[in-house]
Chemist: 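Dropping a structure here in structure tokens format, bear with me for questions.
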Protein chains: 2
Amino acid sequence: MSERVTLLTLARDLGVSRATVSNAYNRPDQLSADLRDRILARADQLGFAGPDPRARGLRSGRTGAVGVLIDQGLSYAFSDPTAVLYLDGLASELQSDGLGLLLHAGTGSKTDAELVRAAAVDAWVIRSLPDDEPAVAAALAQQRPMVVLDQPELPGVPLVGIDDADGAVAATQLLLDLGHRDIAVLAMPLRPDGFQGLVDAVRERYATYSVMRTRLCAVEQTLSAAGVDWGAVPVVECAVNDMDTGALGAYELLDRTPAPTAIIALSDQLALGALRAAHEMGVCVPGACSVVGFDDAPGVSTALPPLTTVAQPLRERGQVAGEIVRALLRGESVATPPRLPVSLVVRDSTGPPPR
Amino acid sequence: MSERVTLLTLARDLGVSRATVSNAYNRPDQLSADLRDRILARADQLGFAGPDPRARGLRSGRTGAVGVLIDQGLSYAFSDPTAVLYLDGLASELQSDGLGLLLHAGTGSKTDAELVRAAAVDAWVIRSLPDDEPAVAAALAQQRPMVVLDQPELPGVPLVGIDDADGAVAATQLLLDLGHRDIAVLAMPLRPDGFQGLVDAVRERYATYSVMRTRLCAVEQTLSAAGVDWGAVPVVECAVNDMDTGALGAYELLDRTPAPTAIIALSDQLALGALRAAHEMGVCVPGACSVVGFDDAPGVSTALPPLTTVAQPLRERGQVAGEIVRALLRGESVATPPRLPVSLVVRDSTGPPPR
DNA sequence: TTGAAAGCGGTACCAC
DNA sequence: GTGGTACCGCTTTCAA
């Protein structure tokens, strides 16, 4: 008949006070090494694994876990190389403070929000969620330290981001400079509603993924400034940011008449999909159609052809977010750092238009 | 001067009891819808985000998080495709019960064990750790539901695994049947001590990664049964299970005289490294040297040449582990399921030996 | 349907 | 160096 062992059990057994046992675990300097050893040894015998983490959490207010809110479910996070790199960077940074990552999905459902509300974490790191995601609101309501990566922009919350507009302008300008006028755009989801297809001006303006708003807007302005009629530029939104869906979207674009001579894909996964679609349709890249991506994800430099893209520091961004969390947890106040710079990497998927 | 809002604050404010407010959140059926709405509305006004997860955790004994113990640090987990698939499967399964994943690394350090000990989770899922990993012992000491994937084998803990011996035999037999006699082995770490190079019998026998022990042993027996002298079979251990390190190990093997006509790599990452090393050394695969891998990880079917390998259900394994955790958490008792079957997938990286 | 009260297991301050 | 003792904020019988 083994009773549950607690500090009190142990204290009674040893004839010391509960506080002393607690100190044996948390403040070795508060008692003699000798007594401490005796306590620890006896604890071991009794199968006491140390102070209950839940109780400790309640009392101390710290859990040792940082909540990580993931877009579109955990599966997605693990399959998108840019998300994996982010997690990698974040984890490596948090590990040095002994913090674990508590992964939760934000998929727009009430349930998610409820889970977030009930999650015992010391801080939240949020990446790439829609402006109106309920799980974000739930995290915010906990009033704990918080950092956002990319989106959504939240007042008073440090945001780690890149210069999206810059990147989009650079990609667009490259195509313009090469002489392209029939340009099409392949966009990541503008809202998490599974929509796939041509986007109209309204949907574009009210995109809840703010990064997409920013990038699209930058493309529009650059094209307009060059005299290209934005109204005539086809923008296809992909329901999921992966290669397969990107290929699907690219099919639609390449099927149009006149066919575009260049595609701006707003992520590399979509760009890779476009490369595949072009290949399958017998459209030569960059001979018949140029493709430019965004991210410089792993693997795109060895794609066929190697992808021209906008490079951003994927892993480093995660680390920066981690650093900020750590600082916040130390009680420091942190302002949003300047957006990280991006750079256009020109490879072989872009060239002058045909003829 | 905003005081911290708690159930009690709210209860006083509304002139009801604390229990009623609690019920408003946890047992809607225990009070009138009307009162409940009033409570929730007022909570919102006061900026009360709901019952404190830590306190709830202490009282109810549940946290809603499953601890996931990862080999070699989180970065590694995110960069190994087989690990990512496992996490994906696991996450998808746990998500349906609203459980989050709390990731922690087990890297052999005392610190890790300490963190694990202090982690507030409802259960642990452990994957591919050495027999003597302290973090495993710490998790075990918490006396919570637990599942192991692959290794270590722990008495009384359900283990989800594959038929490693079968797989290793199949790979070895294939090479024997093709006529190979000069066979070499490229192994994943046998112990987490960073050792890289030729393995002697002692190290082999005392490997703390039991899966490696099993696979090596199966290879040995198969070769011995075919009259190949195991003492003359070079086994190179790679310090890290990734392509780069695999290439390093393969260099060492291919440099030997006589050069092996076949390499059994005990993971696909190592096999991919071997392919690269062979390519860089001008060794034709499979013309001069065959390579067989293990896992059928994503991407190996499109390697150059497509890799012959032992296929195992990578994602499904994670799901199975998740199912078991869920059952355990429901209070059901679960026995170790039969090992999942593997199958040899013959592609183009294997062929008869030269001459 | 609502309220009172007994813990859950620890932590940390303060006195001895 | 050690012990006494208020809480931490909530859940959950049980009785009203």
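All values derive from a computational prediction rather than experimental measurement. Sequence lines set the chain letters: A, B, ... in the order given, protein chains first and strands last, and positions in each chain run from 1.
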Chemist: Side chain of A/Ala19 only, heavy atoms from C-beta on: which candidate in D/dT2, D/dT5, D/dC10 is closest?
Modeler: D/dT5
Chemist: In whole Å, what is the span from the CG atom of A/Leu31 to the P atom of D/dG3?
Modeler: 9 Å
Chemist: Scan A/Val16, A/Val21, A/Ile39 and name whichever one has a side-chain contact (heavy atoms from CB on, under 4.5 Å) with A/Leu31.
Modeler: A/Ile39
Chemist: Is A/Asn26 touching bases, backbone alone, or none of the nucleic acid, heavy atoms closer than 4.0 Å?
Modeler: sugar-phosphate
Chemist: Kindly say if A/Ser22 contacts the phosphate of C/dT11, meaning a side-chain N or O under 4.0 Å from OP1 or OP2.
Modeler: yes
Chemist: Taking the basic N atoms (NZ, or NE/NH1/NH2) and the acidic carboxylate oxygens, is any pair closer than 4.0 Å for A/Glu323 and A/Arg326?
Modeler: no
Chemist: From C-beta outward on A/Gln30, which listed nucleotide comes closest to its side chain: C/dG3, D/dT11, D/dT2?
Modeler: D/dT2
Chemist: Within the 4.0 Å heavy-atom criterion, would you say A/Thr6 contacts the bases, only the backbone, or no part of the nucleic acid?
Modeler: sugar-phosphate
Chemist: Using the side-chain contact (heavy atoms from CB on, under 4.5 Å) rule, pick out the option among A/Pro192, A/Pro152, A/Pro189 that qualifies with A/Pro130.
Modeler: A/Pro192
Chemist: Does the distance from a Lys or Arg side-chain N to an Asp or Glu carboxylate O, for B/Asp122 and A/Arg54, drop under 4.0 Å?
Modeler: yes
Chemist: Using only side-chain N and O atoms of A/Thr20, determine if any of them is under 4.0 Å from OP1 or OP2 of D/dG3.
Modeler: yes
Chemist: Provide, to the nearest angstrom, the distance between the CD atom belonging to B/Gln142 and the P atom belonging to C/dG9.
Modeler: 14 Å
Chemist: Take atom CZ of B/Arg18 and atom C1' of C/dG7, then tell me their distance rounded to the nearest Å.
Modeler: 11 Å
Chemist: Whole Å only: how far is the CG atom of B/Leu10 from the C1' atom of D/dG9?
Modeler: 13 Å
Chemist: For D/dC10, does OP1 or OP2 lie under 4.0 Å from any side-chain N or O of B/Arg56?
Modeler: no
Chemist: CZ of A/Arg59 versus C1' of D/dC10: gap in Å, rounded?
Modeler: 15 Å
Chemist: How many whole angstroms separate atom CZ of B/Arg54 from atom P of C/dG10?
Modeler: 17 Å
Chemist: What's A/Phe48 touching, base or sugar-phosphate or nothing? Going by heavy atoms closer than 4.0 Å.
Modeler: sugar-phosphate
Chemist: Quick one: is B/Arg27 getting a side-chain N or O under 4.0 Å of the D/dT12 phosphate, OP1 or OP2?
Modeler: yes
Chemist: Measure the distance from CG on B/Leu8 to P on D/dT12 and round it to the nearest whole Å.
Modeler: 18 Å
Chemist: If I take atom CZ in residue A/Arg12 and atom C1' in nucleotide D/dT2, what distance separates them, rounded to the nearest angstrom?
Modeler: 17 Å
Chemist: Using heavy atoms to find the nearest nucleotide of DNA chain C for B/Ser32 and B/Leu58 separately, return the residue whose nucleotide is more 5′.
Modeler: B/Ser32
Chemist: Any carboxylate oxygen within less than 4.0 angstrom of a Lys/Arg side-chain nitrogen, looking at B/Asp71 and B/Arg127?
Modeler: no
